[in-house]
Amino acid sequence: MSITRIADALSGEIPVGLEITIAGWVRTRRDSKAGFSFIHVHDGSCFNPIQVVAPGELENYADEIQRLTTGCSLQCTGTLVESGGRGQSFEIQAATVEVLGWVSDPDTYPIQPKQHSFEFLREVAHLRPRTNTFGAVTRVRHAAAQAIHRFFDDNGYYWISTPIITASDSEGAGDMFRVSTLDPENPPRNEKGKVDFKQDFFGRETFLTVSGQLPVEGYCLSLSKVYTFGPTFRAENSNTSRHLAEFWMVEPEIAFADLDDLADLSEDFLKYIFKYVLERCGDDLQFFEQRIEPEAIKRLESLVNSEFVRIDYGEAIEILEKSGAKFEFPAKWGLDLQTEHERYLTEKHFSAPVIVKNYPKEIKAFYMRLNDDNKTVAAMDVLAPGIGEIIGGAQREERLDVLEARIAEHGLSTEAYDWYLDLRRYGSVPHAGFGLGFERLINYLTGMANIRDVIPYPRVPGRAEF
RNA sequence: UCCCCGGUAGCUCAGCUGGUUAGAGCGGGUGACUGUUAAUCACUAGGUCGUUGGUUCGAAUCCGACCCGGGGAGCCA
């Protein structure tokens with residue numbers, strides 16, 4: 001016996017009158033002594049549940065069907081019919097309803113057919129996928145991941161699985177989680193009394209990666225167009241709605257390319273994903289628009305249809321200085337743009353996504369290519385209305401001598417980056433890449449306010465349950 | 001890490017100028033009723049008021065400490 005997805009049953013593509021079997025979980029039950037019950041069943045295949053009409057003649061009607069509560073699992077075989085009621089086009093006239101799993105204590109079952117606070121749902125992260133919101137988030141997240149892979153595949157990129165365990169103790173971004181098999185109670189010590197990591201699993205200190213960028217550059221400088229898409233870890237004590245200790249990042253890297261090529265890529269890339277999700281997740285997005293963020297769909301559509309504005313950092317500072325707007329922190333050449341500045345540019349001044357390019361070298365990473373003015377580097381940020389920075393990237397420094405000097409300027413050791421410098425010693429070419437925080441993208445796509453609610457089991461300081 | 005706010009029933013909250021037996025809606029149970037749409041109506045069960053110490057004749061309410069959660073800032077993606 002095969003099970004029909006509820007999405008297919010509701011699609012209109014299955015002929016009315018056909019007998020089908022569906023399986024899923026009860027969202028609500030309403031019943032009538034006059035002779036039947038309405039059971040809304042969801043199986044995750046789409047936003048809407050299907051309505052099962054269970055007649056009182058069913059042999060288990062009184063002792064089972066009338067005892068169904070939210071969360072019970074069941075399998076139902078019956079005839080697909082046009083619905084007599086409002087709210088759905090099709091429903092199932094049940095011939096059999098088999099209860100697969102009861103909710104053992106309906107009195108305390110946490111997921112009810114009502115609005116819960118997201119704070120509460122985080123405490124039951126294993127049950128929250130049963131809610132409308134988290135089902136919809138999950139489908140959008142999946143669609144976005146698919147869109148990313150398809151975009152790159154369509155455009156000749158290779159997906160590179162860069163390592164999660166890394167020996168580089170400084171990939172240029174944030175504090176790292178240590179990976180070790182040493183006994184924390186009694187670690188081996190060297191002559192100086194320090195922990196002897198030579199005796200650790202890898203014979204040296206190792207950490208969880210904070211970025212796949214450096215290793216992926218090695219593949220870029222042979223396969224030309226590559227990207228990473230995987231988990232990333234930051235051991236920073238950040239407690240905000242925009243930070244996770246474990247999150248997913250997308251990092252394309254392209255050879256024979258400069259900053260303008262990278263800006264083109266970021267614009268095409270974002271538009272492709274947004275269009276893809278708009279096409280595939282209509283019902284889910286409609287739900288977000290109704291219940292989560294009234295602008296959810298509008299802002300996606302407007303981004304897809306807008307031309308991204310491109311300006312230099314210097315011009316951005318000028319605009320902000322001349323704006324006459326009151327900022328908590330003044331905009332000044334040499335300082336990074338604050339969230340309030342980014343919002344002014346995208347929401348007030350241009351009313352469009354803005355790509356800001358060529359930042360002062362002092363506020364950017366060592367591997368970003370030094371411009372001829374000797375003051376700025378070829379870095380860019382994509383700023384989107386309503387969210388701020390969504391992408392950060394740069395053309396990489398491909399000149400060996402300049403890169404060595406920049407490493408020294410940043411007080412880093414050239415030894416640690418020797419393999420990275422090899423890429424400049426042997427067949428170096430201009431190349432560029434950016435990083436996109438996947439969960440931040442999902443926040444933007446769904447309108448969900450907290451990053452902890454767009455990843456299945458969020459890891460944040462002091463919390464790693466489930 | 002810093003600054004704010006909060007913790008009362010399974011959930012969402014009210015009660016907080018200290019004063020008999022701590023309330024509502026939803027959810028659960030029972031019944032009524034109905035092609036219903038987070039149905040409706042009636043009845044009913046359910047609480048060590050985050051923990052702990054203190055002030056007081058008396059603390060959910062005031063004070064201290066601790067724990068937990070949230071928002072903002074910094075860092076960043």
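Within every chain, numbering begins at 1; the chains are lettered A, B, ... in the order of the sequence lines, protein sequences first and strands thereafter.
- Looking at the side chain of A:Thr69, the nearest of the listed nucleotides B:G74, B:G28, B:U37 is B:G28.
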Query raised in the report: Which is it for A:Glu409 and A:Arg406 under the salt bridge (charged side-chain N to carboxylate O under 4.0 Å, His left out) test, yes or no, and what are the steps along the way?
Result: CA-CA 5 Å; A:Glu409 267 177 44; A:Arg406 294 278 291 147; 3.3 Å; yes
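- A:Ser238 contributes a side-chain N or O that forms a donor-acceptor pair with the base of B:C75 under 3.5 Å.
- Nearest-nucleotide assignment on RNA chain B puts the 5′-proximal partner with A:Arg291, out of A:Ala245 and A:Arg291.
- Separating the C1' atom of B:U30 from that of B:C68 is a span of 38 Å, rounded to the nearest Å.
- One C1' atom belongs to B:G7, the other to B:C16, and the distance between them is 14 Å to the nearest Å.
- Rounded to whole angstrom, the span from the CZ atom of A:Phe36 across to the P atom of B:U37 amounts to 12 Å.
- When Watson-Crick and G-U wobble pairs are counted only if both distances are under 3.5 Å, B:A24 pairs with B:U12.
- Using a 4.0 Å cut-off, no side-chain N or O of A:Arg242 falls inside it from OP1 or OP2 of B:C75.
- Across all strands shown, B:G69 pairs with B:C5; the Watson-Crick or G-U wobble distances both stay below 3.5 Å.
- Using Watson-Crick or G-U wobble geometry with both donor-acceptor distances under 3.5 Å, B:U48 finds no partner in any strand shown.
- At the phosphate of B:G29, neither OP1 nor OP2 sits under 4.0 Å from any side-chain N or O atom of A:Arg67.
- Base pairing of B:A60 is not made with any nucleotide, judged by Watson-Crick or G-U wobble geometry with both donor-acceptor distances under 3.5 Å.
- Nucleotides B:G19 and B:A32, compared at atom P, are 44 Å apart to the nearest Å.
- Under 4.0 angstrom from either OP1 or OP2 of B:U37 there lies no side-chain N or O belonging to A:Thr28.
- Rounding to whole angstrom units, OH of residue A:Tyr359 and P of B:C76 are separated by 13 Å.
- Nucleotides B:U12 and B:G71, compared at atom P, are 15 Å apart to the nearest Å.
- Between the side chain of A:Glu91 and the base of B:U37, no donor-acceptor pair of N or O atoms lies under 3.5 Å.
- With rounding to whole Å, A:Leu383 atom CG is found 15 Å from B:C76 atom P.
- Between A:His149 and A:Phe229, the ring planes lie tilted relative to each other; the angle falls in the 30° to 60° range.
- Inspection of the A:Thr162 and A:Tyr219 side chains reveals no N or O donor paired with an N or O acceptor under 3.5 Å.
- When each of A:His431, A:Met380, A:Gln395 is checked for a side chain to side chain contact (heavy atoms under 4.5 Å, CB included) with A:Leu262, only A:Met380 meets the rule.
- In this structure, A:Asn450 reaches the sugar-phosphate backbone alone: every heavy-atom distance under 4.0 Å involves primed, P, OP1 or OP2 atoms, never a base.
- Contact check for A:Tyr367 versus A:Tyr417: no side-chain heavy atoms found under the 4.5 Å cut-off.
- Contact check, A:Arg463 against B:G69: a side-chain N or O comes under 4.0 Å of OP1 or OP2.
- Using a 4.0 Å heavy-atom cutoff across all strands shown, A:Gln338 reaches sugar-phosphate atoms only and no base atom.
- Using bins of under 30°, 30° to 60° and over 60° for the plane-to-plane angle, the ring pair A:Tyr227/A:Tyr157 lands in the perpendicular bin.
- A side chain to side chain contact (heavy atoms under 4.5 Å, CB included) with A:Phe308 is found for one member of A:Leu383, A:Val382, A:Val354 and no other, namely A:Val382.
- When rounded to the nearest whole Å, the span between CG of A:Asp31 and P of B:G35 equals 13 Å.
- If you take atom P in B:C26 and the same atom in B:U40, they sit 7 Å apart, rounded to whole Å.
- Using atom P as the reference point in both B:G64 and B:C3, the two lie 15 Å apart (nearest Å).
- Rounded to whole Å, the P atom of B:G18 lies 13 Å from the corresponding atom of B:A60.
- Contacts of A:Gly392 with the nucleic acid, taken as non-hydrogen atoms under 4.0 Å apart, are absent.
- Rounded to whole Å, atom P of B:C75 lies 17 Å from atom CD1 of A:Ile451.
- For the OP1/OP2 pair of B:G71 and a distance below 4.0 Å, the side-chain nitrogens and oxygens of A:Arg452 include at least one atom meeting the criterion.
- Among the protein residues, A:Leu244 comes within range of the nucleic acid bases, having at least one heavy atom under 4.0 Å from a base atom.
- A:His243 has its NE2 atom 16 Å from the P atom of B:G70, to the nearest Å.
- Mapping A:Ala449 and A:Leu436 onto RNA chain B by nearest heavy atom places A:Ala449 at the nucleotide closer to the 5' end.
- Geometrically, A:Arg299 engages A:Tyr444 in a cation-pi contact, judged by NZ or CZ lying under 6.0 Å from the ring centre and within 45° of the ring axis.
- A salt bridge does not link A:Asp260 to A:Arg310: none of the charged side-chain nitrogens sits closer than 4.0 Å to a carboxylate oxygen.
- With rounding to whole Å, A:Glu342 atom CD is found 11 Å from B:C76 atom C1'.
- Backbone-only contact: A:Ser241 has heavy atoms under 4.0 Å from sugar-phosphate atoms and none from a base.
- Nucleotides B:A38 and B:G54, compared at atom C1', are 46 Å apart to the nearest Å.
- A:Gln93 and A:Thr79 are not linked by any side-chain donor-acceptor pair at a separation below 3.5 angstrom, with hydrogens and angles left out of the test.
- Pairing for B:C43 goes to B:G29, judged as Watson-Crick or G-U wobble with the two contacts each under 3.5 Å.
- Distance, A:Asn239 CG to B:C76 P: 16 Å, rounded to whole Å.
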Query raised in the report: What string of B, S and - do you get for nucleotides 5-15 of chain B 5' to 3' if you count protein non-hydrogen atoms under 4.0 Å?
Result: -----BBS---
